[in-house]
Amino acid sequence: MNVEEREMYDFANILIHSAGTKLKQEHKRSVIKVREKTSQMDLVTEHDLLIEKLLVKAILEKYPGHGILAEECQTWASSDLSGYTWVIDPIDGTINYYRFGKDYAISLALYLGEKPIPDPVVENC
């Protein structure tokens with residue numbers, strides 16, 4: 001991991017914590033609207049869309065030349081995946097989030113071409 005990638009990692013870490021705080025607030029204060037995507041076990045909530053939009057907006061403001069591969073809104077997907085590409089699952093475990101309010105995560109990964117940029121903590125173990 002080079003210095004630039006370390007800065008991207010730090011940015012992502014702050015962004016994920018901010019999005020997580022927003023998600024917890026939304027879960028507490030609103031009724032969650034949900035719809036099926038492909039089946040009863042493949043759901044999307046308005047919170048999925050909210051968090052994805054928040055992440056995409058922040059990433060593109062900071063790194064306008066980067067690609068985005070987002071689970072919910074394919075309109076943001078980039079066809080050029082040769083450079084840096086952010087891969088987003090805004091609520092990984094939507095059913096757990098919707099039904100139980102626990103055991104879910106915001107997933108964000110960064111790739112350069114086809115190779116993931118490793119977590120510096122895991123990389124140094």
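We use all heavy atoms of the structure for the numbers below, so side chains are in, but hydrogens, waters and symmetry mates are not. Since this is a predicted model, take the numbers as computed values, not measurements.
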**Study point:** No-hydrogen, no-angle side-chain donor-acceptor test under 3.5 Å, D92 and S107
**Key:**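 The criterion, which ignores hydrogens and geometry beyond distance, is satisfied for S107 and D92.
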Exercise for review: To the nearest 0.5 Å, tell me how far L110 CG sits from M8 CE.
Suggested key: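 If I round to the nearest 0.5 Å, the distance is 6.0 Å.
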Review point. In Å and rounded to the nearest 0.5 Å, what is the CG to CD1 distance from L23 to I91?
Key: 4.5 Å
Review point. For the hydrophobic clusters of this structure (ILVMFWY residues joined by side-chain heavy atoms under 4.5 Å, transitively), does one cluster hold both L50 and W86?
Key: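 No; tracing contacts between hydrophobic side chains, which count when under 4.5 Å, never links both residues.
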Exercise for review: Would you please test V87 and L108 for side chain to side chain contact (heavy atoms under 4.5 Å, CB included) and show each step?
Suggested key: CA-CA 6 Å; V87 180; L108 180 64; over 6 Å; no
Sequence neighbours left out, cut at 3.5 Å: what donor-acceptor pairs do the side chains of residues 10-20 make with other protein atoms?
{"residue": "D10", "atom": "OD1", "partner": "R6", "partner atom": "NE", "Å": "3.2"}
{"residue": "D10", "atom": "OD1", "partner": "R6", "partner atom": "NH2", "Å": "3.4"}
{"residue": "N13", "atom": "OD1", "partner": "H17", "partner atom": "ND1", "Å": "3.3"}
{"residue": "H17", "atom": "ND1", "partner": "N13", "partner atom": "O", "Å": "2.8"}

Exercise for review: Starting from the C-alpha separation in whole Å, work towards a yes-or-no answer on side chain to side chain contact (heavy atoms under 4.5 Å, CB included) for K22 and I51.
Suggested key: CA-CA 8 Å; K22 176 77 171 165; I51 296 302; 4.1 Å; yes
Exercise for review: Output, in order, the C-alpha distance, side-chain angles, deciding distance and verdict of side chain to side chain contact (heavy atoms under 4.5 Å, CB included) for L69 and Y111.
Suggested key: CA-CA 10 Å; L69 202 58; Y111 279 71; over 6 Å; no
Review point. Would a distance-only check, ignoring hydrogens and angles, find a side-chain to backbone donor-acceptor pair under 3.5 Å from D48 to T45?
Key: yes
Point to revise | Check: E52 side chain, P90 main-chain N or O, donor-acceptor pair, under 3.5 Å | key: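 Not at all, since once roles are kept as given, no pair shorter than 3.5 Å links the two residues.
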Exercise for review: Determine the minimum heavy-atom distance between H47 and E26, stating which atoms define it.
Suggested key: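 That would be CE1-O, 3.5 Å.
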Exercise for review: Of all the heavy-atom pairs spanning T85 and I68, show the shortest one and how long it is.
Suggested key: CG2-N, 4.2 Å
Review point. When you look at T94 and V44, which way does the side chain to side chain contact (heavy atoms under 4.5 Å, CB included) test go after all the steps?
Key: CA-CA 7 Å; T94 299; V44 63; 5.9 Å; no
Check your understanding: How are the rings of Y104 and Y97 set relative to one another: parallel (under 30°), tilted (30 to 60°) or perpendicular (over 60°)?
Key -> perpendicular
Taking the side chain as everything from C-beta on, heavy atoms only, tell me whether [X] gets closer than 4.5 Å to [Y].
| X | Y | answer |
| --- | --- | --- |
| I106 | L55 | yes |
| K53 | E72 | no |
| Y84 | E4 | yes |

